[in-house]
Structure formats: C-alpha cells, structure tokens
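Index from 1, following the sequence. The structure presented is a predicted model; accordingly, all values stated were derived computationally and were not measured.
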Amino acid sequence: MSTFLENQNWRYATKQFDATKKIAEADLNTLKEAVRLSASSYGLQPYKVVIIENPELREQLKGAAFGQTQITDASHLFIFANDTNTGAESVDNYINTISETRGVPTDALAGFSDMMKGAISRLPQEAKNNWTSKQTYLALGNLLNAAAELKIDATPMEGFNATAVNEILGFDKLGLNASVIATVGYRHDEDTSQHYKKVRKSNEELFITL
C-alpha cells in the first residue's frame, strides 16, 4: 500500500481537537500552497480562503456552527468562500495573470477570454453561485489530502449557518459567501472517533466500468 493510501486510511473527520497543539508555520504554509495549487474550472479560482486564528472571532463563528467545538479548539479555521460576483472583470484579471506568468500577449488570449465570459454570462445568478461554490470543494480536497500527508488532522464541515457566517465576517460586502469550512489541527487523545474503522462502499458498490 502506498504512503498516500496509508495516510488516507489514517485521516478521519476529527471530532475533538487538542486545543494546546498548534500547526507549525512551515506546515501551515505547505497547506496554503496545496490549496493555492488546487484545480478549478478554467483555472479561474472563483473564491477566497479565509484563515481565522482570532479566538474571539472563532467563538462567534462557533455559534453559527451550532456550537461545534472544532471551530474553537482546532489550530486553524479555514473558511472557503465562493465569489458571488464572478464575471467579466474576474476573467480580465485572470487573463492578465496568465499573460504576466507565461509571457503571452493578452491579444493571443482573446479567444479563451471570450469563451469564459460567454459561458459565465449565460449562467443565471443562482447557477453561477452554485458553480463557484463547487470550486471551493476542489480546494478543500487538496487541503484534506495535504494535511493527511503531514499527519495533520482536518475536518470538513458543512454544518453551519452560512448567512450568519457571512454576517460575522462581512462577506456580503465583499461579494463572498461561506461555502464550506475546514478545521485543521491535531486530534485529542480522548477523541474516540479516531479508533473507529473506516466505513466506505466496496469497489463493487462504488465503481461502474462501461
């Protein structure tokens, strides 16, 4: 079994974090880089990732997450917020970044730019928000995998009041929406969940080959 699969078997959705243990700066930077390198549609990355360490702020967010202690006890709190205003300006910024990074004139990227703008502009607002929200889950997956490689615990969380989180963090004014949360840190010795056998579908149940 590869080290990657061993680490996937090691990881689990941690229910109780050890609040005394903090992630080293170097490891935090690795996690951030893993998120930054995540795949996304067109490579557009229509989201922001807010990392919250402030204990007072996290206490407020705990209330918006129905009192789940991972919010305050984990070393770091990652909030993936999808962009609710993705459009032509977002595409222009992305095209300029491609041009600068690859040394390609923006004129040579006009076709790609027009294709993206056309596809995005045709989406109703609800569908567009759903699409940008989906992109955050790709980044979340990279975070979970990178954390497992570093033997850092992480818990993806959908159980929160997005409206309340948006209000606490002022996301509405920034054109953002809290899509999914991840708490990252180190499991508490008393977290009994770490001893549970992993339950997943069998290959026969999960995969269909045509």
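- Note: Asn130 CG to Glu126 CD = 7.5 Å, rounded to the nearest 0.5 Å.
- Residue Ala34 comes nearest to Asn142 through the heavy atom pair O-ND2, 2.9 Å, listed as atom of the first residue, atom of the second, then distance.
- Closest approach of Leu109 and Ile98 over heavy atoms only: CD1-CG2, 3.7 Å.
- In this structure, Val180 shares a hydrophobic cluster with Ile23, Leu28, Leu31, Val35, Tyr47, Val49, Ile51, Phe78, Phe80, Tyr137, Leu140, Leu143, Leu144, Leu150, Ile152, Val184, Tyr186, the cluster being traced through Ile, Leu, Val, Met, Phe, Trp and Tyr side chains under 4.5 angstrom apart.
- Residues meeting the side-chain contact (heavy atoms from CB on, under 4.5 Å) test with Ser113, sequence neighbours left out: Val91, Asp92, Ile95, Lys117.
- Rounded to the nearest 0.5 Å, atoms NZ (Lys48) and CG (Asn82) are 13.0 Å apart.
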* Asked: Between Gln70 and Phe17, is a side chain to side chain contact (heavy atoms under 4.5 Å, CB included) present by the stated rule, with each step listed?
  -> CA-CA 6 Å; Gln70 297 100 314; Phe17 283 90; 3.7 Å; yes
* Asked: So Asp83 and Thr86, side chain to side chain donor-acceptor pair (under 3.5 Å) or not? Walk me through it.
  -> CA-CA 6 Å; Asp83 184 358; Thr86 297; 3.3 Å; yes
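- Distance alone, capped at 3.5 Å, is enough to place a donor-acceptor pair between the Ser202 side chain and the Glu205 backbone.
- For the pair Leu57 and Leu169, the tightest heavy-atom approach, listed with the atom from each and the gap, is CD2-CD2, 3.8 Å.
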* Pair Thr30-Glu149, side chain to side chain contact (heavy atoms under 4.5 Å, CB included): steps then yes or no -> CA-CA 10 Å; Thr30 298; Glu149 293 295 294; over 6 Å; no
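- Side chain of Asn166 to backbone of Ala178: a donor-acceptor contact under 3.5 angstrom is found.
- Between Asp18 and Asp189 the shortest side-chain heavy-atom distance does not fall below 4.5 Å.
- For the atom pair CH2 (Trp10) and CG (Leu5), the distance works out to 15.0 Å, reported to the nearest 0.5 Å.
- For CD of Glu167, the number of neighbouring non-hydrogen atoms (other residues, nucleotides, ligands) closer than 6.0 Å is 12 at most.
- Within the 4.5 Å cutoff, side-chain heavy atoms of Leu61 are placed close to those of Ile79.
- Looking only at distances, a side-chain donor or acceptor of Ser40 sits under 3.5 Å from a matching main-chain atom of Gln45.
- Closest of all the heavy-atom pairs between Ala81 and Thr136 is C-CG2, 4.3 Å.
- Note on Met157: it does not cluster hydrophobically with Phe66, by side-chain heavy-atom contacts below 4.5 Å among ILVMFWY residues.
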* Please report the C-alpha distance between Glu25 and Asn29 in whole Å, then the side-chain angles of each, then the deciding distance to 0.1 Å, and finally whether the side chain to side chain contact (heavy atoms under 4.5 Å, CB included) criterion is met. => CA-CA 6 Å; Glu25 190 70 22; Asn29 287 336; 3.9 Å; yes
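- Of the inter-residue distances, the one linking Lys32 atom NZ with Asp27 atom CG reads 12.5 Å to the nearest 0.5 angstrom.
- More than 12 non-hydrogen atoms from other residues, nucleotides or ligands lie less than 6.0 angstrom from NZ of Lys198.
- Judged by distance alone, the side chain of Gln68 and the main-chain N or O of Gly159 form a donor-acceptor pair under 3.5 Å.
- Residue Lys128 holds its NZ atom at 7.5 Å from CG of Leu123, rounded to the nearest 0.5 Å.
- Phe4 is listed as a side-chain neighbour of Asn145, based on a closest heavy-atom distance under 4.5 Å.
- Separating the OG1 atom in Thr84 from the CG atom in Asn129 is a distance of 6.0 Å, to the nearest 0.5 Å.
- Heavy atoms from other residues, nucleotides or ligands lying under 6.0 Å from CD of Gln125 number more than 12.
- A donor-acceptor contact under 3.5 angstrom links the side chains of Ser41 and Gln135, judged on distance only.
- Sorted by first then second residue, the salt bridge (Lys or Arg N to Asp or Glu O under 4.0 Å) pairs that include residues 93-109, not counting sequence neighbours, number zero.
- Applying the salt bridge (Lys or Arg N to Asp or Glu O under 4.0 Å) rule to pairs touching residues 62-81 yields nothing, sequence neighbours excluded.
- Contact check for Glu158 versus Ile181: no side-chain heavy atoms found under the 4.5 Å cut-off.
- Applying the salt bridge (Lys or Arg N to Asp or Glu O under 4.0 Å) criterion to Arg187, with sequence neighbours excluded, gives Asp153.
- Ser133 places no side-chain N or O within 3.5 Å of a backbone atom of Ser179 that could act as its donor or acceptor partner.
- A distance-only check finds a donor-acceptor pair linking the side chain of Arg58 to the backbone of Ala74 [under 3.5 Å].
- Under the side-chain contact (heavy atoms from CB on, under 4.5 Å) criterion, Ser193 pairs with Tyr12, Lys15, Asp191, Tyr196, sequence neighbours left out.
- Note: the hydrophobic cluster containing Phe171 also contains Ile52 (ILVMFWY, side chain heavy atoms under 4.5 Å, direct or indirect links).
- Within the 4.5 Å cutoff, the side chain of Thr183 has no heavy atoms near those of the Thr14 side chain.
- The shortest heavy-atom contact between Ala154 and Pro156 is O-CD, 4.0 Å.
- Residues Ile120 and Gly87 approach most closely at CG2-CA, 4.3 Å, considering heavy atoms.
- Using a 4.5 Å cut-off on side-chain heavy atoms (C-beta onward), Met115 and Tyr42 make contact.
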